[in-house]
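All figures in this text were calculated on a predicted structure; none of them were measured in a lab.
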Amino acid sequence: MQRVSKAARAWMAALVAVSGAAMVSGCALDPAGLAIGAMNAASMPSEASLVADMVPSYRGTGCQALASLQKGYIDQLPTVDPAYREAVVVNIKAVRQVMAEQRCAEGGGAVAGAGSAPATTVTTGPNGISGAAAGTAGSGASPAPASEPQGAMGAAVGPLTVQLAQAVGLESPRGLVVTALIPGKAAELSGIRGGDVILEVRGVAVGDVVQMRGVLGAVPSGQSVLVKLWRAREPRELIVGPIISTTPALPPGAVYADAPVLAAAPVRERFCVAQMTGSGLFSSSVHSPLFTVRNDGSEAESAKLTTAFWEAARKAQPGYWLAPHPRPTCTRDSKVCTSASADSDVLMMLCETDRRKGAEIYEALRRDKPQTELPWSPPAS
């Protein structure tokens with residue numbers, strides 16, 4: 001964040017002036033994600049040690065379930081984000097090792113180019129890399145019985161250390177921290193973010209990955225589950241699905257007995273401003289006019305809106321905003337949404353339910369001379 005330009009600092013000042021300093025603590029980015037990145041840079045274990053740590057979590061799983069998991073991982077390789085490919089490859093190799101130990105039939109095809117997978121940063125420590133399907137466990141994890149159902153939601157998770165628990169505001173280590181997401185799978189599509197701490201799945205407290213796979217596996221494939229998680233120092237609930245499970249899918253349109261239902265949020269009117277700020281000495285910055293939004297105020301809708309402004313900025317200044325941005329992360333009330341690219345370009349959106357407060361933020365940006373206003377209005381929903 002040290003490279004954020006003058007325009008970005010003005011934006012931060014506007015946020016502080018209108019919404020209070022607490023809203024932008026940590027540059028409005030998820031502190032868990034930052035903590036994970038710092039630990040990744042400090043120590044990245046070898047692929048062999050990561051595979052060794054993964055193997056115990058698959059031991060005892062039936063051959064049919066192992067073959068299904070292996071096929072799922074291999075099918076993901078051609079489309080998975082390069083940053084997460086190593087996590088998938090580690091899981092493939094761990095599954096294959098256990099299949100060999102248990103004398104299972106191969107039945108899963110070859111791993112194309114697995115040996116050349118680039119290094120990635122999806123660990124929380126020497127024993128913390130997690131698998132693409134449901135996560136990992138350290139070498140002390142209990143193996144799942146061969147008859148136990150297995151499920152996955154596309155989130156890579158790892159154990160929560162004492163230091164990381166303190167960093168995210170938990171009084172004690174509990175739950176599993178999300179270290180990576182497989183694009184297009186249930187966790188990512190349902191709004192889970194890197195750095196979230198999964199506390200409960202279907203009402204069951206989870207602290208062991210094998211246990212979490214079993215909880216997910218008891219749900220028919222293609223269904224959704226209620227996940228309680230910890231984000232931005234507060235608890236949240238999300239419906240996550242469709243999960244993948246070894247429990248057979250139900251007929252189309254059918255749901256299982258205790259399928260989760262969250263009450264629909266009421267439609268609210270909000271007044272918003274969005275901004276893109278470049279990094280470096282000669283950075284550029286664009287912001288939107290003050291615009292009105294009428295939706296349920298959910299993080300999913302707010303993140304979609306923030307991304308739409310980024311796409312508009314790219315079209316307005318072709319060749320300048322090149323670096324991809326991760327999906328924006330929003331506060332629980334969706335007042336602030338942020339995303340930062342690898343080279344520190346910052347995308348932000350701030351919304352208020354009071355028009356006057358929204359106008360104050362807009363005026364603060366408009367007075368900042370280096371910024372350019374981009375004529376833009378949100379796409380029709």
Side-chain angles (χ1 to χ4, degrees), residues 36-37 39-61 63-102 104-139 141 143-144 150-159 176-188 192 194 209-210 212-213 216 243-244 246 324 326 342:
I36 291 169
M39 283 184 281
N40 290 341
S43 60
M44 180 62 193
S46 67
E47 183 183 86
S49 68
L50 296 174
V51 173
D53 286 334
M54 277 302 305
V55 164
S57 66
Y58 288 110
R59 286 196 178 115
T61 303
C63 288
Q64 183 176 0
L66 288 170
S68 177
L69 287 169
Q70 179 186 229
K71 183 178 185 302
Y73 289 141
I74 292 172
D75 288 347
Q76 291 167 3
L77 278 175
T79 57
V80 72
D81 188 298
Y84 308 142
R85 195 169 187 270
E86 177 70 6
V88 181
V89 171
V90 164
N91 277 265
I92 292 171
K93 292 186 175 183
V95 168
R96 285 191 162 180
Q97 181 173 325
V98 175
M99 290 179 74
E101 292 175 0
Q102 298 179 181
C104 299
E106 176 64 19
V111 184
S116 60
T120 186
T121 54
V122 293
T123 63
T124 57
N127 295 318
I129 192 165
S130 53
T136 187
S139 56
Q150 301 288 296
M153 61 181 177
V157 297
L176 296 166
V177 63
V178 177
T179 56
L181 298 164
I182 297 298
K185 300 301 179 181
E188 193 244 5
I192 287 181
V209 176
V210 175
M212 182 167 135
R213 286 210 302 263
L216 290 170
I243 65 164
I244 298 172
T246 54

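For the pair Met153/Ile192, a side-chain contact is recorded, criterion being any heavy-atom separation below 4.5 Å from C-beta on. Taking the side chain as every heavy atom from C-beta outward, Val157 and Val177 never approach each other to under 4.5 Å.
For the pair Cys63 and Gln102, the tightest heavy-atom approach, listed with the atom from each and the gap, is SG-O, 4.3 Å. Of all non-hydrogen atoms in Ile243 and Leu216, the two that sit nearest each other are CD1-O, 3.3 Å.
Judged purely by atom type and a 3.5 angstrom limit, Gln97 has no side-chain atom pairing as donor or acceptor with the backbone of Lys93.
Separating the CZ atom in Arg213 from the OG1 atom in Thr246 is a distance of 10.5 Å, to the nearest 0.5 Å.
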